[in-house]
Participant: 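Have a look at the structure that comes next, please.
Chain A is the first sequence line, chain B the second, and so forth, proteins listed ahead of strands; every chain is numbered from 1. What you are looking at is a predicted structure, and each value in this text was computed from that prediction instead of being measured.
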Amino acid sequence: MSAVEIAAKVRSGEWSAVDVLEGHLEAISAREDEIHAFNLVMVEQARRAAAAVDDAVASGRDPGPLAGVPLALKDNMCTHGVPTTCSSRILDDWKPPYDATVVTRAVEAGAVVIGKTNLDEFAMGSSTEHSAFGPTLNPHDTTRVPGGSSGGSAAAVAAGFSSLALGSDTGGSIRQPAALCGVVGVKPTYGLVSRYGLVAFASSLDQIGPFATSVADAALMLEVIAGHDPMDSTSIPRPSPDISSHLDQGVEGMRIGLVTELMEGIDPDVSARVHQAAEALTAAGAVVDEVSVPATLYGLTAYYLIAPAEASSNLARFDGVRYGLRVDGPDTAEMMIRTRSAGFGDEVKARIMLGTFALSAGYYEAFYGKAQKVRTLVRREFAAAYADHDLLLSPTSPSVAFPLGAKADPMSMYMCDVCTLPSNLSGEAAMSVPYGTGAHGLPVGVQVLAPAMGEVEMFRAAAVLEAAAPSDHDGEEGRS
Amino acid sequence: MTAITPEEVEHVAVLARLRLSPEEVAHFTGHLGAILEHAADVEALDLADVPPTSHPVHLENVMRPDRVGPTLDRDEVLAEAPAAQENRFRVPPILGVEP
């Protein structure tokens, strides 16, 4: 259900936030057992929050731009007094003593937090199969993955469990599941949205962003959470941009480049949709051509050294001392070893060890040092492409949603992020917009990429694509 | 570039405070080896004159006034700790354990 519509009608008193919430809770009752989008559905807290929104409206106070809009949070965002697990045994039942900034801002804007969504453990994965609490399934086909790592948030929005959701994107963890579930997903410019209260995976890459069923809803959500936060030292000291009032301005005269290298090795059903999307942008007055950004091909390797290196450092904090699991031992060192060995899953252990190796004496220059230099090449080549293009275009994912267990070997899973992770390396903005269906009638996502702080132009192009998107959906979104 | 050996995996596990069974050592040697082999394509690039990028945003240290602000509630934080005593996190002995 549209967040823009809910907020407008709740603010005007036409709809009650409680009724809106109950409708979504019914959708959850009907299908959550099958989908497993949530680690926790916050029924009672959500009912109290919705009632408070209705009380505000009744007493003449404006609850804010997200009045009564149900919002699902990826379970790596801290919620005061509410379990935040990162889908890991090592944080099972940990209750943070504070709210993440995005949570505070959403609640102050009138959003009703409906639950915490499943993810690959510590956001490490592209399928949500690496959750300690079991996988999330794709609402369009429950034999297939929803993508990941924010698969629970994507599935929650696609299944009509929540109007909006927040995810985190380190290498594509918002955009890829958005594409596979047929919803809009946005990775904003690095620094646009505060990460205070987001459990860190790779700090130079992580960014929080929205999932929504429409481009306008995603813009509204982003406007609420963006803007400077003194609690995050990487937060850009600027106010939140106005995106919504520019959405209908079109792409007339914009120069948009289709990234040659990101069209290679892509399933034909997906690349056909991307070419159609390019034609739609041309028809709307944009000048679309091909542009070569060869460093994107090396980005995958750089990413899979940089992200684990940062993760190995960030996840050192899970040591059984201050929060979460402790497996006792005769001394502190043994306690830490037992706690970490029991608490982390296989994929997390693999990435911690890979990162530790890449940073260790004798290997630092050959691996981490080289990867950082490749990162410079990616940034330079994007800068060159943006010198004569306003935006770039690519697939979001090389394929539609794949069956559970299909990507057992690690490199084939990591390849899922080949189109998305270059924007994390460069720190620039990108979003996925649903664009028809591909093989097996499953959703295809087209990625719009923008330079840093290019959100307004990116959303304008996304709105054009949304309006032009083929309507041969299988109609399984289950919108209430 | 050589892939990783089982001995190196065991060494890295020690550095990362992880204990692996022999089966896990074999599993992770294959898993990490597959990724490190892929890293060989970066080896082919001439990067001698390219500076490294550690972070997408230029950051400088910023000083702020040294003023006491709000902090987390101590009791609430300690209530979530695995063990606490006298307003502190409690841990097993760090030094002086008999072997």
Participant: For side-chain hydrogen bond (donor to acceptor under 3.5 Å, both in side chains), just list the numbers for B/His38 and A/Tyr414, CA-CA rounded to whole Å, side-chain angles, deciding distance to a tenth of an Å, and then say yes or no.
Facilitator: CA-CA 11 Å; B/His38 194 87; A/Tyr414 295 176; over 6 Å; no
Participant: Taking C-beta and beyond as the side chain, do B/Val91 and A/Arg326 meet within less than 4.5 Å on heavy atoms?
Facilitator: yes
Participant: Is the CE atom of A/Met415 crowded by more than 12 outside heavy atoms at less than 6.0 Å?
Facilitator: no
Participant: If I measure from the heavy atoms of chain B, does A/Leu300 come under 4.5 Å with its side chain, its backbone, both, or neither?
Facilitator: side chain
Participant: Select one option (side chain, backbone, both, neither) describing which atoms of A/Arg351 are under 4.5 Å from chain B's heavy atoms.
Facilitator: neither
Participant: I need the residue from A/Asp346, A/Leu315, A/Asn424 with the largest number of non-hydrogen atom pairs under 4.5 Å to chain B.
Facilitator: A/Asp346
Participant: Answer with side chain, backbone, both or neither: which region of B/Arg90 has an atom nearer than 4.5 Å to a non-hydrogen atom of chain A?
Facilitator: backbone
Participant: Considering only heavy atoms, which portion of A/Glu347 lies under 4.5 Å from any heavy atom of chain B: side chain, backbone, both, or neither?
Facilitator: side chain
Participant: Could you check if a side-chain atom of B/Leu78 sits within less than 4.5 angstrom of a side-chain atom of A/Arg322, using non-hydrogen atoms only?
Facilitator: no
Participant: Could you tell me whether the side chain of A/Arg375 reaches within less than 4.5 Å of the side chain of B/Pro56, counting heavy atoms only?
Facilitator: yes
Participant: Of the backbone (N, CA, C, O) and the side chain (C-beta and beyond), which part of A/Thr189 lies under 4.5 Å from a heavy atom of chain B, both, or neither?
Facilitator: neither
Participant: If I take atom CG from residue A/Asp331 and atom CD1 from residue B/Ile94, how far apart are they, to the nearest 0.5 angstrom?
Facilitator: 9.5 Å
Participant: Is A/Arg379 close to chain B through its backbone or its side chain, or both, or neither, when contacts mean heavy atoms under 4.5 Å?
Facilitator: side chain
Participant: To the nearest 0.5 Å, tell me how far B/Leu47 CG sits from A/Leu377 CG.
Facilitator: 5.5 Å
Participant: Atom CZ of residue position A/Phe382 - does it have more than 12 heavy atoms of other residues, nucleotides or ligands inside 6.0 Å?
Facilitator: yes
Participant: Does the side-chain hydrogen bond (donor to acceptor under 3.5 Å, both in side chains) test come out yes or no for A/Gln372 and B/His55, once each step is laid out?
Facilitator: CA-CA 9 Å; A/Gln372 286 189 309; B/His55 206 268; over 6 Å; no
Participant: Report the distance from atom CG of B/Leu36 to atom CG of A/Leu354, rounding to the nearest 0.5 Å.
Facilitator: 5.5 Å
Participant: For B/Leu72, is it the side chain, the backbone, both, or neither that has a heavy atom closer than 4.5 Å to a heavy atom of chain A?
Facilitator: side chain
Participant: Does B/His31 reach the side chain of A/Met353, with side-chain heavy atoms less than 4.5 Å apart?
Facilitator: no
Participant: For A/Tyr368, which atoms come within 4.5 Å of any heavy atom of chain B: side chain, backbone, both, or neither?
Facilitator: neither
Participant: How about A/Met231: does its CE atom have over 12 heavy atoms from other parts shown lying under 6.0 Å from it?
Facilitator: no
Participant: Please confirm whether A/Phe357 and B/His11 have ring centers closer than 6.0 angstrom.
Facilitator: no
Participant: Could you report the tightest heavy-atom contact between B/Pro82 and A/Tyr323, atom names first, then the distance?
Facilitator: CD-N, 3.8 Å
Participant: Pick whichever of B/Ala13, B/Ser54, B/Gly30 has the most heavy-atom pairs under 4.5 Å with chain A.
Facilitator: B/Ser54
Participant: What residue in A/Ser426, A/Ser203, A/Pro410 has the most heavy-atom pairs under 4.5 Å with chain B?
Facilitator: A/Pro410
Participant: Without swapping roles, check the side chain of B/Glu80 against the backbone of A/Lys95 for a donor-acceptor pair under 3.5 Å.
Facilitator: yes
Participant: Give the member of A/Ala371, A/Ser204, A/Gly427 that has the highest number of heavy-atom pairs under 4.5 Å with chain B.
Facilitator: A/Ser204
Participant: Are side-chain heavy atoms of B/Pro92 and A/Asp328 found at a separation under 4.5 Å?
Facilitator: yes
Participant: To the nearest 0.5 Å, what is the distance between OG1 on A/Thr356 and CG on B/Leu15?
Facilitator: 6.5 Å
Participant: Give a yes or no answer on whether the side chain of A/Thr376 reaches the backbone of B/Pro51 with a donor-acceptor pair at less than 3.5 Å.
Facilitator: yes
Participant: Tell me, out of B/Val77, B/Leu20, B/Ile35, B/Val14, who's got the most heavy-atom pairs with chain A below 4.5 Å.
Facilitator: B/Ile35
Participant: I'd like to know which of A/Thr301, A/Ile306, A/Leu297 tops the heavy-atom pair count under 4.5 Å against chain B.
Facilitator: A/Thr301
Participant: Looking at OH of A/Tyr363 and CD of B/Glu8, how far apart are the two atoms once the value is rounded to the nearest 0.5 Å?
Facilitator: 3.5 Å
Participant: What's the spacing between A/Met336 CE and B/Leu18 CG if we round to 0.5 Å?
Facilitator: 13.0 Å
Participant: Check B/Glu24 with A/Lys349, please: is the shortest side-chain N to carboxylate O separation under 4.0 Å?
Facilitator: yes
Participant: Do A/Val374 and B/Thr53 come within less than 4.5 Å of each other through their side chains, counting heavy atoms only?
Facilitator: no
Participant: Can B/Arg17 and A/Glu334 be counted as an ion pair, charged N to O under 4.0 angstrom?
Facilitator: no
